[in-house]
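Structure record follows, encoded as structure tokens.
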Amino acid sequence: MTSKQQDVIIRNAVIFDGTGTSGRTGDLAIKGDRISAIDSSLDLEASEEIDAGGKALAPGFIDAHTHDDRIVLSDPSMACKVSQGVTTVVTGNCGVSIAPVTITERPPGPLDLICPRPSDFYATFADYFSALEASPPSVNVIAQAGHASLRVGVMDRFDRPASDTEIDGMKALLRQALRDGAAGLSTGLYYPPANAAPTEEIEALAMVVKEEGGFHSTHMRDEGDGVVDSLNETFRIGRTADIPVIVSHHKCVGLANHGRSAETLKIIDAARAKQPIGLDVYPYVASSTILQKDRLGISSQTIVTWSDKVEGLEGRDIEEIAGEMGLSIEETVDAISPAGAIYFMMDERDVRAIMSYPPTMIGSDGLPHDRHPHPRLWGTFPRVLGHYCREENLFPLETAVHKMTGLTAKTFGLKDRGVLGEGAYADLVLFDPDEVIDSASFDAPQTPAEGIERVFVNGETVWRDRKSTDARPGRVLRSGLSAARH
Ligand code: ZN
Ligand code: CU
């Protein structure tokens, strides 16, 4: 029974419930951290009444792919995400996680994208989660343990497969991480700290995920010429351990592979008939990660996002920098690394095909510590809603919302989030479907989006009047697939 007095009532909203069904006009009430009622018209009273005036009300967006492990502590307002309507972030992607890691030197890239200093890491997920709970961010956090982070803990060098003893060491670290509440295992088999790992090494770790509960997500070994082999490797790991797998930021990189999403999506679709497979995408033709030579040949343009060697390079084209330094591009990479970059190397048609594929979730892959970040960090969700959905008509609004909410919650096993209903957590975004649009660009990447009017996390307002509030109601979500089995 709902008593009459509520905390907040939002009236006259077009409510998208996150399941993919079309919006319906109605009222929604919040009491404490939960949605207390939803109906076409509510005969209730509240301390605050909001007239939505026909704007859209949806479950708060879940960012399926982030590197927010450390920024949730260092900048708990999380303005880059709440300004987009994001209320939950999935961290620890691409094999890189803030825990469980104990080191004394600067970590190898790409770990330095999230934690450049040894002291940035946590020895256990229990320690990390305690730190988050002692000083919570504005958003909820669901965290994965990264394979490269595990490797750093047990191996002296990374250009070889792990020995049996080292695999046992990683299994023990992973088991503890999952028992502490990590939701799964991520890999970044493309990257140097992990690319010498054979499939069997990941399968051994995936068996621990099977035993403890959870999923496996992967930045695959190859997203270019070898993308089909990499998909098959990913599916094999999932079958061996009988766990769900998630293909991170699916793309086909390099001119030679443009258009191949027609092939990869067919392969994914056939495999999905036999095993659980998810995937995510960000809505841009450019990627971003550490500066690496192997990317330059297949990138039509490369922009430096940060350099820890040479100051003032962020936002600038690598060719221009090379010209000024009087060096070849390769020599320039050596001269300015460690560094990060944005690479233009995907095809717009592939991005659209992958985004439109019904099982695809939206994930930003934003890099929050980059000095001149890829605009996906501040723009992903409004860009899908405003550009791809409204302007380009790629799919209806209820589908766009589903790809950011209900689908994602289901894939990650989140309970009472991602779909609106009585008793669900009050993670909500109120936005103007006619105005919502990304403002972040490659030139000005840290610009908040238009049209996101108000954002609630666990019943508290975290974004209003184009500003973060002081509320920090985010929680650690240990209730993923892993906790469901404990
Ligand atoms: Zn990645
Ligand atoms: Cu990533």
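Start at 1 and go down the list; that is how both ligands and their atoms are numbered. Quick note: numbers below take in every heavy atom, side chains included, and nothing from hydrogens, waters or symmetry partners.
The Cu ion (ligand 2) has no N, O or S atom of H219 closer than 2.8 Å. The Cu ion (ligand 2) lies under 2.8 Å from an N, O or S atom belonging to C94. For H65, every N, O or S atom stays at 2.8 Å or more from the Zn ion (ligand 1).
The Cu ion (ligand 2) is closest to atom NE2 of H65 (considering only N, O or S atoms). The Zn ion (ligand 1) lies closest to atom ND1 when only the N/O/S atoms of H219 are considered. Here the N, O or S atom of D365 that is nearest to the Cu ion (ligand 2) is OD1.
Inter-residue side-chain proximity for F121 and L111 is flagged as met; some heavy-atom pair is nearer than 4.5 Å.
Between F129 and F125, the ring planes lie tilted relative to each other; the angle falls in the 30° to 60° range.
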Requested in this report: Output, in order, the C-alpha distance, side-chain angles, deciding distance and verdict of side-chain contact (heavy atoms from CB on, under 4.5 Å) for K81 and S364.
Outcome: CA-CA 9 Å; K81 294 298 168 71; S364 70; 3.5 Å; yes
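A donor-acceptor distance shorter than 3.5 angstrom exists from the side chain of N140 to the backbone of R475, with no hydrogens or angles considered. Under the 3.5 Å distance criterion, the side-chain polar atoms of R106 are left unmatched by any main-chain donor or acceptor of D112.
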